[in-house]
Amino acid sequence: MSTNEIAGSANVIGSKKRLPPEVSILGVLIGIAIVFEILGWIFVGDSFLANKQRLSIIILQVSVIGIIAVGVTQVIITAGVDLSSGSIVGLSAMVAASLAQTSANPRAVYPTLTDISPIWAILAGLGVGLLAGIVNGSLIARTKIPPFIATLGMMVSARGLAKWYTLGQPVALLDDSFTWFGKSFNIFGFPLPLPVIVFLLVAVICHIALTYTRYGKFTYAIGANPQAARVSGINIGGHLIKVYAVAGLLSGLAGVMTAARAASGQPGMGVAYELDAIAAAVIGGTSLSGGVGRITGTVIGTIILGVLTSGFTFLKVGAYYQEIIKGIIIVSAVIIDQHRQNKRKKA
Amino acid sequence: MNGTGTMDATPAGGAAMDGGYLLEVENVRKEFPGVVALDNVQLRLKRGSVHALMGENGAGKSTLMKIVAGIYTPDSGSFKLRGEDIKLRGPLDALEHGIAMIHQELNLMAPMTVAENIWIRREPLTRFGFVDHGEMRRKTAELFKRLNIDIDPDVQVGTLTVASRQMVEIAKAVSYESDVLIMDEPTSALTEREVDHLFTIIRALRGQGKGIIYITHKMNELFEIADEFSVFRDGKYIATKLSHEVTRDDIIRMMVGREITQMFPKEEVPIGAVVLSAKGLTLKGVFSDVSFDVRSGEILGIAGLVGSGRSNIAETVFGVTPADAGTIELFGKTVRIDSPSTAMRHGMAFLTEDRKETGCFLLLDIQENTQMAVLQSGYVKNGFVKQKHLSRDSVEISQALRVKTPDMAEPIINLSGGNQQKVLIARWLLTKPKILILDEPTRGIDVGAKAEIHRLISKLAGQGVAVIMISSEMPEVLGMSDRIMVVHEGRVTGFLDRAEASQVKIMELASH
Ligand SMILES: Nc1ncnc2c1ncn2[C@@H]1O[C@H](COP(=O)(O)OP(=O)(O)OP(=O)(O)O)[C@@H](O)[C@H]1O
Ligand SMILES: [Mg+2]
């Protein structure tokens, strides 16, 4: 009887066009880039953006953080958090590197396992990450301890393992077939590093998974209302293990990429990456209270972080100031975004 | 305080003698994206009276009350309190002006105690600025004594039943001592006994000259407690009348704009074999030795007072809180139901009582909310959701239930309470259950849609679904059930057949 009831056919769905939430955060990114461009012309007398080399570095820098952030986003959507990503990067970099050494190294970690196919190094690095993720997830699902604590434990222990693995020594002299994965390729005259391609691939896959699969629907449901999710028949524990496993796997991948690019494994790799990854997700609109967030936002959030770092270096801002200002900008971006979202909600 | 005796006895209308209205709202308009929730509506509340708001789901009742309580700002309209123009800046401002509201959904903090919840933001302090828990407890006890509520001020709200929480909400609202008290469907989770209790409280407040705005979908309550009422339809103001001037049918006609023929369209259907058989189910400290059978095509009503364990039994059958002892047989086979997903694999569905806590995914949209349960068993291929197909079926079922919304992509939080309830019913119907457990299925649902839902339940039974229905509404239990199981303090006190069941018999079994 009422005109407001859903109209007669299925095509009503999505009929009311809404701006995706990423638009506002994309605006922030463009704004920051423009500010650097203007400041660049004023203080350095050079363009910030019209520089292939710099753009290439920005996206390379962001791709490792980005891979982690894509995993962390999923964890945060379930109303959890993963503090162990950075340490997993370190551990996985060490393990991968140790299986990618050349026989030219007289002090290889495994003298009998030199010059082997890079596949083993990669699989080992990924495996370490996956395993750490499963441990995180199982701890949370089975013992019901808060994700903050479970992953804090993993953060400390994985870092310890990374150092113990070679008693603090870096793993050097890696095979070219392995370091190839950190190289850049010229695509249409633009130097595109392989990690960037991996990052984009990971982002696309996870975006599809979150949007179109049952895995994705359940991830949002658990974050939005765990009790209702349980009553809807969702196996929360089992699903959380999957989500943390994915996050761990992606951290492992980031570790492999880091080792390949640096052509070495060092126990201190990836320190504090988890914080950048969480920041990227939150800047991108993922809500720490769960149920809300999208990979597209996280990708933009990651790029914002990269642009900030690169822009400050370009303007020759001192390192201390960089950090101070970066902190302020991260918080401001989130405040602006939330404010806009609230306004939209209240209408 | 006025003389309670004389005011109490004053019938409707006469109460406004002291001149003017307590609250006058004129020409209020409120738009949400895609919906005109209120279109130039008005409301006048007299001192010492109970004013009911009536209207279908989504008519705009809650929206109007949220405006009065300072939660929404109207797009336009004027607002007079005690004859003076005011403009509210927020809910706190409204409280300071003497307007308190009990919301349609519960708003208590589960991990905090009853006393903490009631005095939040107004905690009594010690000399050193610490919260004075002793004083807080004393004030709560005093308040409860005055209202005759029997709840321990020190227990965590999370451990209380929905009905007890509702009583806490009521006590909290009363504790503000405000002149205008808004109650948005306060009885939707209460059984008759608490409803009577609430009415006693309301009458006392009315006697003190307060104005009470009372939203309900239950007709009998209107005649029992309201002096006058206003009707809204699709965001428009229809009329204000004295409640003793009209009949039930008059009101329905005003609300719906059409006739509703039959309220409990129960069909006679052949009843088949036993589908679910519970034997000696026990959950320590909650209920014990509960045994019952449900047959295909049968509607088993469960009646009992609040706190009797009705909902707990349903939760155990569905695996939310697995039983400590006893067995459940499904289709003749003993099955250990240790989680809702196990129950669902065996064809069960369970509409829970508290739509905010265990029902809605408030951050997600209507489509997501509708489809969440069925994804366990269907519409998924290789992990990918068959969204087109699923969306089409979801829309179909939402239409059958008359969910009122411009768009399935609307966040469910923007729906009116009754429409949220319909979405949750749609969620479970989509799973095509063989055993359907409904806990207060028509909670907050308007008369028209209620008849629709009853018809649907009947139809499902006709298709061989076994239905277990918990309801606090006597007419609903009596009208819909083939058999009624009565529960009292965690024990089954008896079964009544449809033919022999009556309100009196149920109450006898429910309270001895
Ligand atoms: N925050 C909001 N955003 C968008 N639309 C809203 C919002 N709140 C309410 N509405 C819409 O406004 C209309 C009126 O809703 P309201 O909650 O006032 O109904 P109601 O009369 O209280 O219904 P019920 O009996 O089901 O509780 C509905 O169509 C609803 O979908
Ligand atoms: Mg309402």
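To find a chain, count down the sequence lines: A is the first, B the second, and so on, and within it residues start at 1.
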Taking every non-hydrogen atom, the tightest pair across [X] and [Y]:
{"X": "B:S377", "Y": "A:R214", "answer": "N-NH1, 4.4 Å"}
{"X": "B:Q376", "Y": "A:S232", "answer": "CG-O, 3.8 Å"}
{"X": "A:V231", "Y": "B:F318", "answer": "O-CE2, 3.3 Å"}
{"X": "B:C360", "Y": "A:A228", "answer": "O-CB, 4.1 Å"}

Between B:L375 and A:F218, is there a side-chain heavy-atom distance shorter than 4.5 Å?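 Touching, per the 4.5 Å side-chain cut-off.
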With heavy-atom distances below 4.5 Å as the criterion, would you say the side chains of A:Q227 and B:K356 are in contact?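 Heavy-atom side-chain distance check fails, nothing below 4.5 Å.
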Which bit of [X] comes within less than 4.5 Å of chain A, counting heavy atoms only: side chain, backbone, both or neither?
{"X": "B:E368", "result": "side chain"}
{"X": "B:Q371", "result": "side chain"}
{"X": "B:R427", "result": "side chain"}
{"X": "B:V380", "result": "side chain"}
{"X": "B:Q387", "result": "side chain"}
{"X": "B:M344", "result": "side chain"}

Interface residue of largest heavy-atom contact number with chain A, from B:D393, B:N419, B:V385, under 4.5 Å: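 Going by pairs under 4.5 Å, I would pick B:V385.
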Most contacts with chain A, counted as non-hydrogen pairs under 4.5 angstrom, among B:F350, B:F384, B:F361: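 Among B:F350, B:F384, B:F361, the one with the most close pairs to chain A is B:F361.
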About how many Å separate CG of A:N235 and OG of B:S339, when rounded to the nearest 0.5 Å?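 Here the interatomic distance stands at 7.0 Å.
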Working to the nearest 0.5 Å, report the span between CG of B:L390 and NZ of A:K217.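 One gets 8.5 Å once the value is rounded to the nearest 0.5 Å.
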Without swapping roles, check the side chain of A:N225 against the backbone of B:E357 for a donor-acceptor pair under 3.5 Å.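 Yes; at least one donor-acceptor contact below 3.5 Å.
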Is chain B contacted by the side chain of A:A209, its backbone, both, or neither, given a heavy-atom distance below 4.5 Å?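 Neither part.
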